[in-house]
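Residue numbers run from 1 in the order of the sequence given. Predicted model only: the values in this text are computed from it and were never measured.
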Amino acid sequence: MKRSSNAVLKVVPETRQRISVAQPIFNAREKEYVDRCMTTGWISSAGEYIEKFEKGFAKHTEASNAVACFNGTVALHLALLAKGVTQGDEVIVPSLTYIATANVVKYCGATPVFVDCEADTWNIDVRAIEEKITPKTKGIIVVHLYGAPVDMDPVLAIAKKHSLFVVEDAAQAHGTKYKGKPVGAIGDMGTYSFFGNKIITTGEGGMVVTNSGDLNSHMRLARNQGMSPEKRYWFDVIGYNYRMTNLQAAVGCAQLEAIEWHLRRRREVANSYREQLKDLPEALTLPVEKSYGNHCYWMFTVLVNEGSKVGRDELMRLLDKDGIETRPIFYPMYMMPPYAEAAEKYPVAGSVGTRGVSLPTHGGLESDDLSYICERIRFHCKGE
Ligand SMILES: *Cc1c(COP(=O)(O)O)cnc(C)c1O
């Protein structure tokens, strides 16, 4: 069905399929590689694709080592274990993130200490980190939120001054660059997720990248129940079963071969939103791209402003009726019962957290879909 830009659509056209907020995209390669696992019988956590995926991902992130694991949460856990985070320690974490970033600190028996976010990037407020450092602080986890790079140089300077480690949670940032360098191995370690809605996917899956040989060995040991690499079924330490399967890695290898396509498509989607929504500044704040890096647009997330006819929640409800799926930005950690704290301590995260909404962002969106989404947003926010 053809739509003209001034037509006011009250209902979803019958021919239009629901537009999902995220969507994995595969080609024949994924099937071919998975089929090979099936026919050879290598379906568990040994097999050719695991090493191939690790090597390929290390190359993609310009890191010396990459350790594949079962998901992005255990990737973060492996990173903290490798740094020996334990009971009584504190780890600095942004207040606006996915819950896994905070939970892994708890898995180690340590305490996450939250920092408010920046008003423009929504990433950890780098200027507010130092005041949260205590003698118990062991490290900092930064999150490249929605694919926007954190300003890493000042973070690294603070870490150096106070002898802290830096872990980059790059679960949403495949392809994000900081000053020309892929994120991940800029700090001590960087973690990635390959969940179904991430930029490339293995269903569930994760990876830790690092330039440190010691951290690499430590994580490989912890991932494999602590089994000695020299002596099979000999365990010197207590580890975990955090291994990735060859099936996951087979999908990962195929996805990685196409990653430049995935990234290019996302940038096209973001450019299209930016172009079509740029003249609604009173109603919507669009994501920023700072001069120090490249956004990878895992999600194109906007803030709904005072100048919009409807608030964030109402906009989401109306778009849902139009057949357009969206998602709210993350709820700040202080709102969650396990991490409850006074709202006054996180004013920026509080405001962003109630105004942010992620629009459909994936490689399967056609220009027709994007015009339709923008037309509906314009109508709800401005009545035009
Ligand atoms: C997705 C995600 C994770 C966790 O990854 P899973 O693979 O779902 O375990 C961690 N941190 C952030 C910021 C994420 O977006």
* Does a side-chain heavy-atom distance below 4.5 Å link Glu168 with Met152? -> yes
* Asked: Taking the six-membered ring for Trp, are Phe330 and Tyr146 ring centroids under 6.0 Å apart?
  -> yes
* Is there a donor in the side chain of Asn211 and an acceptor in the side chain of Ser64, or the other way round, less than 3.5 Å apart? -> yes
* Asked: Has the side chain of Arg265 got a donor or acceptor atom that lies under 3.5 Å from a matching backbone atom of Gly363?
  -> yes
* Asked: Would you say Asp89 and Lys136 make side-chain contact, with heavy atoms under 4.5 Å?
  -> no
* Asked: Under 6.0 Å from the NZ atom of Lys309, do we count more than 12 heavy atoms belonging to anything else shown?
  -> yes
* **Test of ring centre spacing under 6.0 Å for Phe57 and Tyr192** => yes
* To do: Measure the spacing between CE of Met227 and CZ of Arg232 and express it to the nearest 0.5 Å.
  => 6.0 Å
* Would you say Asn246's side chain and Ser44's backbone share a donor-acceptor pair under 3.5 angstrom? -> no
* Asked: Is the backbone N or O of Val21 less than 3.5 Å from a side-chain atom of Glu325, with the two atoms forming a donor-acceptor pair by type?
  -> yes
* Asked: Less than 4.0 Å between a side-chain N and a carboxylate O, is that true for Asp322 and Arg376?
  -> yes
* To do: Indicate yes or no: at least one non-hydrogen side-chain atom of Leu280 is less than 4.5 angstrom from one of Lys382.
  => yes
* Asked: If Ile, Leu, Val, Met, Phe, Trp and Tyr residues are connected whenever their side-chain heavy atoms lie under 4.5 Å apart, and connections chain through other members, are Met336 and Val91 in the same group?
  -> yes
* To do: Take the angle between the ring planes of Phe114 and Tyr346 and call it parallel below 30°, perpendicular above 60°, tilted in between.
  => perpendicular
* Say whether, by atom type as modelled, one donor and one acceptor occur between the side chain of Asn71 and the main chain of Thr73 under 3.5 angstrom. => yes
* To do: Verify ring-ring contact (aromatic ring centres under 6.0 Å, His included) between His174 and Phe194, making sure each step is shown before the conclusion.
  => CA-CA 10 Å; His174 317 60; Phe194 308 111; 5.7 Å; yes
* Should Phe70 and Val34 be regarded as members of a common hydrophobic cluster, given that ILVMFWY residues are connected when their side-chain heavy atoms come within less than 4.5 Å of each other, either directly or indirectly? -> no
* **Asp214 atom CG, neighbour heavy-atom count above 12 within 6.0 Å** => no
* Does a donor on one side chain sit under 3.5 Å from an acceptor on the other, for His144 and Gln172? -> no
* Residues Glu341, Lys345: salt bridge by 4.0 Å N-O rule -> yes
* To do: Please assess Leu215 against Asp188 for the test side-chain contact (heavy atoms from CB on, under 4.5 Å), listing each intermediate value before the final yes or no.
  => CA-CA 9 Å; Leu215 293 172; Asp188 297 84; 4.3 Å; yes
* Spell out, yes or no, whether Trp42 and Tyr49 are grouped together once hydrophobic residues are joined by side-chain heavy atoms under 4.5 Å, including indirect joins. => no
* Asked: Would you say Cys296 and Ile199 make side-chain contact, with heavy atoms under 4.5 Å?
  -> yes
* Does the side chain of Gln255 pick up a donor-acceptor pair with the side chain of Glu30 at under 3.5 Å? -> yes
* Asked: Quick one: do the Asn305 and Thr285 side chains pair a donor with an acceptor below 3.5 Å?
  -> yes
* Asked: Taking C-beta and beyond as the side chain, do Leu247 and Met38 meet within less than 4.5 Å on heavy atoms?
  -> yes
* So, does Thr354 use its side chain to make a donor-acceptor pair with the main chain of Gly350 at under 3.5 Å? -> yes
* Asked: What distance do Lys106 atom NZ and Ile99 atom CD1 have between them, rounded to the nearest 0.5 Å?
  -> 10.5 Å
* For Ile124, which of Val143, Ile129, Leu145 qualifies under side chain to side chain contact (heavy atoms under 4.5 Å, CB included)? -> Ile129
* Steps toward side-chain contact (heavy atoms from CB on, under 4.5 Å) verdict (Gln248, Thr245) -> CA-CA 5 Å; Gln248 288 172 295; Thr245 67; 3.3 Å; yes
* Around atom NZ of Lys132, are there more than 12 heavy atoms of other residues, nucleotides or ligands at under 6.0 Å? -> yes
* side-chain contact (heavy atoms from CB on, under 4.5 Å) between Ile140 and Val93, intermediate numbers included -> CA-CA 6 Å; Ile140 306 167; Val93 172; over 6 Å; no
* Spell out, as yes or no, whether a donor-acceptor pair under 3.5 Å connects the side chain of Thr39 to the backbone of Arg36. => yes
* Asked: Are Tyr334 and Glu344 linked by a side-chain donor-acceptor pair shorter than 3.5 Å?
  -> no
* Where the side chain of Ser228 meets the backbone of Phe235, is there a donor-acceptor pair that is under 3.5 Å apart? -> no
* Does Val304 reach the side chain of Leu284, with side-chain heavy atoms less than 4.5 Å apart? -> yes
* So, Phe300 versus Tyr273, ring centres under 6.0 angstrom or not? -> yes
* Between Asn123 and Pro149, is there a donor-acceptor pair closer than 3.5 Å when you use the side chain of the first and the backbone of the second? -> yes
* Asked: Do Leu76 and Tyr240 belong together in a cluster built from hydrophobic side chains that touch within less than 4.5 Å?
  -> yes
* Asked: When you check the side-chain N and O atoms of Asn271 and Arg267, is any donor under 3.5 Å from an acceptor?
  -> no
* Asked: Considering only heavy atoms from C-beta outward, does the side chain of Thr201 approach that of Pro24 to under 4.5 Å?
  -> yes
* Carefully, step by step, assess Val237 and Leu221 under the rule side-chain contact (heavy atoms from CB on, under 4.5 Å). => CA-CA 8 Å; Val237 294; Leu221 200 65; 3.8 Å; yes
* Rounded to the nearest 0.5 Å, what separation is found between the CD atom of Glu54 and the CD1 atom of Ile50? -> 7.5 Å
* Does Thr137 use its side chain to pair, donor to acceptor, with the backbone of Gly139 at less than 3.5 Å? -> no
* **Lys59/Glu257 salt bridge by N-O under 4.0 Å criterion** => no
* To the nearest 0.5 Å, how far apart are CD1 in Ile324 and NE2 in His380? -> 7.0 Å
* Check the surroundings of atom OH in Tyr331: do more than 12 heavy atoms from other residues, nucleotides or ligands lie under 6.0 Å from it? => no
* Asked: Are more than 12 heavy atoms from other residues, nucleotides or ligands located less than 6.0 Å from atom CZ of Arg18?
  -> yes
* Structure fact -> CG (Leu370) and CD1 (Ile19) are apart, to the nearest 0.5 Å, by 8.0 Å
* Structure fact -> With sequence neighbours left out, the residues meeting side chain to side chain donor-acceptor pair (under 3.5 Å) with Gln276 are Ser272
* **Set of residues satisfying salt bridge (charged side-chain N to carboxylate O under 4.0 Å, His left out) with respect to Lys278, sequence neighbours excluded** => Glu275
* To do: Examine distances only and state if a side-chain atom of His295 and a backbone atom of Tyr297 form a donor-acceptor pair shorter than 3.5 Å.
  => yes
* Under 3.5 Å, is there a donor-acceptor pair between the Asp151 and Tyr178 side chains? -> yes
* To do: Check Ser367 against Ser371 and note the closest heavy-atom contact, atom names and distance.
  => O-OG, 2.7 Å
* Asked: Hey, is Arg127 close enough to Glu118 for a salt bridge, meaning N to O under 4.0 Å?
  -> no
* Asked: Say you draw a straight line from SG of Cys253 to CD of Glu51; how long is it, rounded to the nearest 0.5 Å?
  -> 10.5 Å
* Asked: Has Ile43 got more than 12 heavy atoms of other residues, nucleotides or ligands less than 6.0 Å from its CD1?
  -> no
